Q: 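Can you read through this structure? Questions will come right after.
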Amino acid sequence: MPELPEVEIARRNVARWMAGQRVLRARAAPSRIFRGAELAAFESISGALRSLERRGKYLLFRFERDQGLLAHLGMTGKFVRRPTGEEVRFSRAHFELSDRFSVHLADSRMFGRIEPVRASALRDLTVVRALGLDPLADGLTPERLARAVGKTSLGIKVALMDQARVAGLGNIHAAEALFRAGIHPARKPASLSPAEWRTLSRAILDALVFALENQQGEEIQYVEEVGAGNVFHVYGHGDEPCPACSAPIQSFAQGGRTTYFCPRCQPAGKGKR
DNA sequence: TGACCCCTGGCC
DNA sequence: GGCCAGGGGTCA
């Protein structure tokens, strides 16, 4: 589900929902979302949210008294706000706020993650330190992008999805950015010209901003939930005409995931794979 | 690098 | 009933 833009929207929504409120109670049911962490540590959280930071696809909650939380939405996680007491499907954990609303983390597949951590230690967590360049939080330039992706024999799309290289891109937006840049997903990073790095850098930002602008609203909507409302150019559009040239969009398996691309707009290039 | 796993829901 | 799913992690 969520990639950088969706997590960023979640961050903005949750920050707005919790602004000026106090957490009266934190409650959770045991689930693998906690990855073995003590439920009591989560349920002891109270007071005001001081800051909510996004790094890649992770959210870093910092509360009063050095209380903190590392959260990841996995594939199907989302934060929702409901009147306190209202039943929320797939809710795994929630905060009851002083305005009588509650903020829930709902996640059907439970690939998400919540881990209570001292606020001051959040940035030192191994998983956070391991994150690569965040295109929005760190700023993206062609030089930084090329350096972050580095020398690898991985295809460019697989490399872009490696969170240790570039943090926040997933299957959808990596494919969308490469389409915008006219670069075949299986190209080797070493084969990209300086002009292509410039185009790709711009395309990543454009794809992320486009997604951000299409995710305004109280709750995130994932592409499988909107059906015909899929606003992406190639993702999920196999066999449909390319919006730029009308050639049929193709797909293939790459790094264990389905990659969509336009064979005409994104030629493999001779000797470049 | 690939295969498989973790889970559940929704669509064909 | 089978297949697919935008996450990450582990294993050989």
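Labels below follow one simple rule: chain letters A, B, ... track the order of the sequence lines, proteins then strands, and each chain is numbered from 1. These numbers come from a predicted model, not from an experiment.
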Q: Looking at A:Arg92 and A:Asp107, would you say the former's side chain and the latter's main chain have a donor-acceptor pair under 3.5 Å?
A: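 Present.
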Q: When the P atoms of B:dC4 and C:dC4 are compared, how many Å lie between them, rounded to an integer?
A: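 After rounding to an integer number of Å, I get 14 Å for this pair.
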Q: What integer number of Å spans the P atoms of C:dC11 and B:dC7?
A: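 Straight-line distance between the two P atoms is 16 Å.
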Q: For the side chain of A:Gln67 and the backbone of A:Ser46, is there at least one donor-acceptor N/O pair under 3.5 Å apart?
A: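 Checking the backbone N and O of A:Ser46 against the side chain of A:Gln67, a donor-acceptor pair under 3.5 Å is found.
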Q: Between the protein and nucleotides 5-9 of chain B, list the N/O to N/O atom pairs that are separated by less than 3.5 angstrom.
A:
unit_1, atom_1, unit_2, atom_2, d
B:dC7, O2, A:Arg109, NE, 2.9

Q: A:Asn230 has an atom CG; how far is it from atom C1' of B:dG10, in whole Å?
A: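 Rounded to the whole Å, the gap is 16 Å.
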Q: In this structure, how many angstroms lie between the C1' atom of C:dG7 and the NZ atom of A:Lys78, rounded?
A: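 Answer to the nearest Å: 15 Å.
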Q: Between A:Gln266 and A:His184, is there a side-chain donor-acceptor contact under 3.5 Å, judged purely by atom types and distance?
A: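 No.
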Q: Expressed as a whole number of angstroms, how long is the span from A:Asp107:CG to C:dG8:C1'?
A: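 Between C1' of C:dG8 and CG of A:Asp107: 13 Å.
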Q: To the nearest Å, give me how far apart CZ (A:Arg113) and P (C:dG8) are.
A: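 Taking atom P of C:dG8 as the reference, CZ of A:Arg113 is at 11 Å.
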Q: Where are the stems of DNA chain B, defined as at least 3 consecutive Watson-Crick or wobble G-U pairs with both distances under 3.5 Å?
A: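 As far as DNA chain B goes, consecutive pairing (with distances under 3.5 Å) yields the stems B:1-6 with C:7-12, B:8-12 with C:1-5.
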Q: Donor-acceptor pairs under 3.5 Å, side chain of residues 113-125 of chain A to any protein atom, not counting sequence neighbours: which ones?
A:
unit_1, atom_1, unit_2, atom_2, d
A:Arg113, NE, A:Glu115, OE1, 3.3
A:Arg113, NH2, A:Glu115, OE1, 2.8
A:Arg118, NH1, A:Ser120, OG, 3.0
A:Ser120, OG, A:Asp66, OD1, 3.1
A:Ser120, OG, A:Asp66, OD2, 3.0
A:Arg123, NH2, A:Glu53, OE2, 2.3

Q: Considering only distance and modelled atom types, tabulate donor-acceptor pairs under 3.5 Å from the side chains of residues 149-156 of chain A, sequence neighbours left out.
A:
unit_1, atom_1, unit_2, atom_2, d
A:Thr152, OG1, A:Leu154, N, 2.9

Q: Over how many whole Å does the gap from A:Arg35 atom CZ to C:dG9 atom C1' extend?
A: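 Answer to the nearest Å: 9 Å.
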Q: CG of A:Asp162 versus C1' of B:dG2: gap in Å, rounded?
A: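 Going from A:Asp162 (CG) to B:dG2 (C1'), I get 15 Å.
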Q: Classify the nucleic acid contact of A:His173 as base, sugar-phosphate or nothing, counting any heavy atom under 4.0 Å across all strands shown.
A: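 Here A:His173 touches no strand at all.
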Q: Measure from CD on A:Gln163 to C1' on C:dG8 and round the result to the nearest Å.
A: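 So the two atoms are 9 Å apart, to the nearest Å.
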Q: Would you check if A:Phe95 and A:Phe42 make a side-chain contact, meaning some heavy-atom pair closer than 4.5 Å?
A: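 A:Phe95 vs A:Phe42: side chains touch.
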Q: For A:Phe210, give me all partners under ring-ring contact (aromatic ring centres under 6.0 Å, His included), at least two apart in sequence or on another chain.
A: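 Applying ring-ring contact (aromatic ring centres under 6.0 Å, His included) to A:Phe210 gives A:His233.
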Q: Report the distance from atom CG of A:Asp239 to atom P of B:dC12, rounded to the nearest whole Å.
A: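 It is 15 Å, rounded to the nearest whole Å.
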Q: Without hydrogens or angle criteria, can the side chains of A:Ser102 and A:Glu96 be said to hold a donor-acceptor pair below 3.5 Å?
A: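 Note: A:Ser102 and A:Glu96 side chains miss the donor-acceptor criterion.
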Q: For residues 242-251 of chain A, please give each side-chain donor-acceptor pair under 3.5 Å, one per line with the distance, not counting sequence neighbours.
A:
none

